[in-house]
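This report concerns only the one structure given below.
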Amino acid sequence: MGHPVYFIGAGPGDPELLTKRADKILKTCPVVYVPPLFDITFAELLKNKETLVPFDFYFEELVQKVAGQARQVPVAFLVPGDLAFFSPFQPLVDQFGDQAVVVPGVGAVNAASALLKKTLDLPGVCNRTILASPRTLGEGPGAPTMQDLAAPGVSLIIYMNNMPLDELVTQLRQGYQQNVPIALAHRIGLPDEEILIGSLDDIVNKAHQRDYFSLNGPGKRPALTLVLVGESLAAITDGSWWNYRRDHIWKVDQNG
Ligand SMILES: C[S@@+](CC[C@H](N)C(=O)[O-])C[C@H]1O[C@@H](n2cnc3c(N)ncnc32)[C@H](O)[C@@H]1O
């Protein structure tokens with residue numbers, strides 16, 4: 001079978017967000033497939049390695065190439081964020097079967113939540129989190145819309161947005177039926193990281209017509225902007241849930 005083919009969750013872009021395990025494994029791989037941008041931010045870790053861009057190849061050609069390389073040495077793919085959500089690498093993982101090893105990473109959503117210093121579910125405020133992309137909801141009369149997903153109590157995490165911000169906000173406003181907080185987490189983990197925080201009613205003005213989603217550029221690649229929406233982004237909590245959990249879940253029962 002040869003050496004392993006690693007799919008390493010590389011985090012949102014900052015090599016500091018690589019896990020210890022991922023770092024250790026990457027060091028053992030002389031051949032690494034690196035998506036654009038990661039070649040720059042990971043330059044130090046990729047020194048003296050053969051690096052290739054996975055998207056330069058069609059699937060069959062890529063599989064053949066990797067299989068040949070893995071006969072000689074361990075091969076790694078840097079997977080942006082983590083494989084768990086919206087990752088194009090699944091067919092490769094399936095293709096390599098037992099030879100594939102998936103290493104978890106920090107997803108864009110985790111890094112954004114840390115930047116905002118907010119958990120995305122909160123008792124009494126948000127009782128569910130939905131991760132979605134308008135690109136993958138489909139088209140046609142029966143396809144769900146962002147408006148259908150937005151509702152009071154929902155933290156909505158929007159990947160690969162391809163709608164103009166004002167249109168997106170109009171749909172969200174109808175779904176939430178109220179003004180709720182929204183954050184645009186742009187290029188998290190990169191040197192020009194930026195986080196714009198507002199509400200559905202003022203975010204369009206705050207964005208100053210900036211093209212956070214690369215909608216006006218020539219390229220088709222989704223911009224590195226994650227949208228987070230929902231009441232939990234601005235909620236301030238007291239210790240009552242802590243104490244409730246201590247009483248009902250955490251406290252050691254002295255009577256066994
Ligand atoms: C193909 S998905 C990959 C998501 C990735 N698997 C993850 O777990 O974060 C690409 C989308 O993820 C979000 N994203 C990925 N990296 C990001 C970053 N560094 N900053 C902001 N958003 C990011 C953006 O919404 C982008 O359009």
Side-chain angles (χ1 to χ4, degrees), residues 6-19 21-22 33-43 45 53-55 59 76-94 100 102-118 120 129-138 146 149-150 155-165 167-169 171-172 182-198 203 207 210-230 233:
Y6 293 107
F7 294 86
I8 299 179
D14 178 355
E16 288 283 310
L17 294 180
L18 213 52
T19 66
R21 182 175 170 217
Y33 285 83
V34 185
L37 271 185
F38 285 81
D39 54 335
I40 300 168
T41 55
F42 277 59
L45 298 179
V53 181
F55 312 126
F59 186 71
F77 281 81
L78 293 186
V79 174
D82 179 72
L83 186 80
F85 300 111
F86 298 108
S87 182
F89 292 89
Q90 188 62 51
L92 287 165
V93 175
D94 291 342
V102 177
V103 183
V106 174
V109 64
N110 306 103
S113 151
L115 273 178
L116 291 161
K117 300 190 203 174
K118 291 293 180 191
L120 300 173
T129 301
I130 298 177
L131 294 95
S133 169
R135 277 183 199 251
T136 59
L137 284 180
M146 282 294 139
L149 302 181
S155 282
L156 188 54
I157 315 302
I158 306 172
Y159 291 73
M160 301 174 290
N161 176 52
N162 60 357
M163 297 164 68
L165 185 59
E167 260 179 51
L168 176 67
V169 164
Q171 283 207 18
L172 295 175
I182 178 169
L184 309 184
H186 185 56
R187 296 176 68 87
I188 312 164
L190 297 165
D192 52 351
E193 164 184 283
E194 190 191 330
I195 190 138
L196 187 68
I197 302 173
I203 196 74
R210 235 183 97 193
D211 187 12
Y212 281 102
F213 304 110
S214 300
L215 301 179
N216 304 325
K220 291 212 164 101
R221 289 190 184 165
L224 289 181
T225 303
L226 189 71
V227 183
L228 301 97
V229 200
L233 301 186

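Counting convention: from 1, in listed order, for ligands and their atoms alike.
Under the 4.5 Å side-chain criterion, counting only non-hydrogen atoms from C-beta, Leu37 is in contact with Arg187.
Among all non-hydrogen protein atoms, the one lying nearest atom 4 (C) of ligand 1 is Phe85 O, 3.6 Å. Protein heavy atom in closest approach to atom 21 (C) of ligand 1: Leu224 O, 3.2 Å. From the protein, the heavy atom lying nearest to atom 3 (C) of ligand 1 is Phe86 O, 3.3 Å. Given atom 11 (C) of ligand 1, the protein heavy atom at minimum distance is Met160 CG, 3.7 Å. With hydrogens left out, the protein atom closest to atom 8 (O) of ligand 1 is Asp82 N, 3.1 Å, a heavy atom. Given atom 27 (O) of ligand 1, the protein heavy atom at minimum distance is Ala223 O, 2.9 Å. Regarding atom 12 (O) of ligand 1, its nearest protein heavy-atom neighbour is Tyr159 CD2, 3.4 Å. The protein atom (non-hydrogen) at minimum distance from atom 25 (O) of ligand 1 is Thr225 O, 2.8 Å.
Considering only residues two or more places apart in sequence or on other chains, Asp94 meets the salt bridge (Lys or Arg N to Asp or Glu O under 4.0 Å) condition with none of them.
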If you look only at distance, which donor and acceptor atoms sit under 3.5 Å apart when one is on a side chain in residues 109-118 and the other is two or more places apart or in another chain?
residue	atom	partner	partner atom	Å
Asn110	OD1	Gly107	N	3.0
Ser113	OG	Lys118	O	2.8
Lys118	NZ	Ala235	O	2.7

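Checking only distances, Pro88 never comes within under 3.5 Å of ligand 1, N or O to N or O.
Considering Val34, Asp14, Leu18 in turn, Leu18 is the only one that fulfils the side-chain contact (heavy atoms from CB on, under 4.5 Å) rule with Phe42.
Comparing heavy-atom distances from atom 18 (C) of ligand 1 across Val79, Leu115, Ile188 singles out Ile188 as nearest. Taking each of Ala112, Ala108, Pro222, Gly11 in turn, the one with a heavy atom nearest to atom 23 (C) of ligand 1 proves to be Ala108.
Distances shorter than 4.0 angstrom occur between a heavy atom of Ala185 and an atom of ligand 1. Using a non-hydrogen distance threshold of 4.0 Å, Pro80 registers as a contact of ligand 1.
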